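Bear in mind that the values here come from a model prediction, so they are computed numbers and not experimental data. Within every chain, numbering begins at 1; the chains are lettered A, B, ... in the order of the sequence lines, protein sequences first and strands thereafter. The basis for the numbers below is simple: all heavy atoms, side chains too, and nothing from hydrogens, waters or symmetry mates.
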There are 2 protein chains.
Amino acid sequence: MESTNLTPDIAVQALAALAQETRLGVFRRLVAAGPEGLPAGDIAASLGVAANTLSFHLAHQAQAALVTATREGRVIRYRADFSRMAELIGFLLADCCGGRPEICLPLGLPPTVPETTDEAPARSCCG
Amino acid sequence: MESTNLTPDIAVQALAALAQETRLGVFRRLVAAGPEGLPAGDIAASLGVAANTLSFHLAHQAQAALVTATREGRVIRYRADFSRMAELIGFLLADCCGGRPEICLPLGLPPTVPETTDEAPARSCCG
DNA sequence: GACATAATTCGATGATTCTGGAATTATCGA
DNA sequence: TCGATAATTCCAGAATCATCGAATTATGTC
């Protein structure tokens, strides 16, 4: 029942896909955009970088499986892939927190599991 | 009551301090070493890199506050700083998980908060 | 088919990073 | 003080990365 854990190699790749100003900006915007994601052009405009520069970074993130791309006519829409992010965080908690994940989970920060597990508002958003 | 959240700039710095093969190797070894940490020389030997190369990477990680250094005679001992790692993970959960941290916490992975929320068992272990 | 738009790939350039040799600093022991 | 050890800083070279202009591919519209 392990949540498939990343290898260090893959973890490095995923970390590198976020460890740069433009790239973290891209990802945060995609996260903020939610399930709809954003067209590549919108991200580029929002960040003020050239379209080809953005493609360069998106390619990295797609390679790392942190984002997905779907063509919609002339537009290519990007979305954050939360499952990969979960794997990355899982790796950090497992491998970088001394075997005690709880010491790296800011106390009471996230309502890890809200009192009522029944209906979480977040559903298919991050498939 | 926010757990001091990292700025994107600082988060990039912390991510970059891990997003490289040698550096992630360093950090994982420090984590595995536990509270005792490791002398710089031991890390270098364990990773098979030159001492000066290791210093270069350790400096990055120290700058990012992910490791701490204490001199012990001729040896300088390094330790992983879990509080910084917690901040990093906190940032990722808050800013990169669509406002719903739980979707990035591999289900039932860590016993996030044991049944009793009052007393956190993990304490001074990690400075 | 011809044209316009969205995005990527190609090519080049400047900047940054990673690495290790050599020199330097700090500590310990005799 | 001298020598040995641990680690860092200094320096240079090679490699990688980030950026953007130009060309290319893919799609939609007329």
Legend entry - Shared hydrophobic cluster for B:L58 and B:V75 (ILVMFWY, side-chain gaps under 4.5 Å): no
Inset, instruction - Considering just the side-chain nitrogens and oxygens of A:R74, establish if one lies under 4.0 Å of OP1 or OP2 belonging to D:dT29. - result: no
Inset, instruction - Would you check, one step at a time, whether the test disulfide (SG to SG under 2.5 Å) holds for A:C104 with A:C96? - result: CA-CA 9 Å; A:C104 289; A:C96 296; over 6 Å; no
Legend entry - Side-chain donor/acceptor of B:R23 to backbone N/O of B:A16, under 3.5 Å: yes
Inset, instruction - Give, ordered by number, those residues of residues 37-56 of chain A having at least one heavy-atom distance below 4.0 Å to an atom of DNA chain C; if nothing qualifies, reply none. - result: A:P39, A:A40, A:G41, A:A51, A:N52, A:S55
Legend entry - Heavy-atom contact window of chain A on DNA chain C, given 5' to 3' at under 4.0 Å: C:dA4 to C:dT9
Inset, instruction - Output the residues of residues 11-21 of chain B in contact with DNA chain C, where contact means a heavy atom of the residue under 4.0 Å from an atom of the strand; sort by number or write none. - result: B:Q20
Legend entry - Within 6.0 Å of CD in B:E36, more than 12 heavy atoms from elsewhere: no
Inset, instruction - Under 4.0 Å between any heavy atoms, over every strand shown, what does A:R77 touch: base, sugar-phosphate, or nothing? Just pick one. - result: nothing
Inset, instruction - Before giving the answer on side chain to side chain contact (heavy atoms under 4.5 Å, CB included), spell out for B:R84 and B:L6 the whole-Å C-alpha distance, their side-chain angles and the decisive distance to 0.1 Å. - result: CA-CA 9 Å; B:R84 186 57 141 191; B:L6 268 44; 4.0 Å; yes
Inset, instruction - Work out which heavy atom in B:A17 is nearest to a heavy atom in B:L66; give both atom names and the distance. - result: CB-CD1, 3.8 Å
Inset, instruction - Supply the atom-to-atom distance A:R28 CZ to A:L18 CG, rounded to the nearest 0.5 angstrom. - result: 11.5 Å
Inset, instruction - Write down the atom of A:L24, the atom of B:P8, and the distance for their closest heavy-atom approach. - result: CD2-O, 3.7 Å
Inset, instruction - Examine D:dC17: is either OP1 or OP2 under 4.0 Å from a nitrogen or oxygen in the side chain of A:H57? Give yes or no. - result: no
Inset, instruction - Give the C-alpha distance, both sets of side-chain angles, the deciding distance and a yes or no for side chain to side chain contact (heavy atoms under 4.5 Å, CB included) between A:V31 and B:D95. - result: CA-CA 8 Å; A:V31 166; B:D95 268 48; over 6 Å; no
Legend entry - Interatomic distance, A:L15 atom CG to A:I10 atom CD1 [nearest 0.5 angstrom]: 11.5 Å
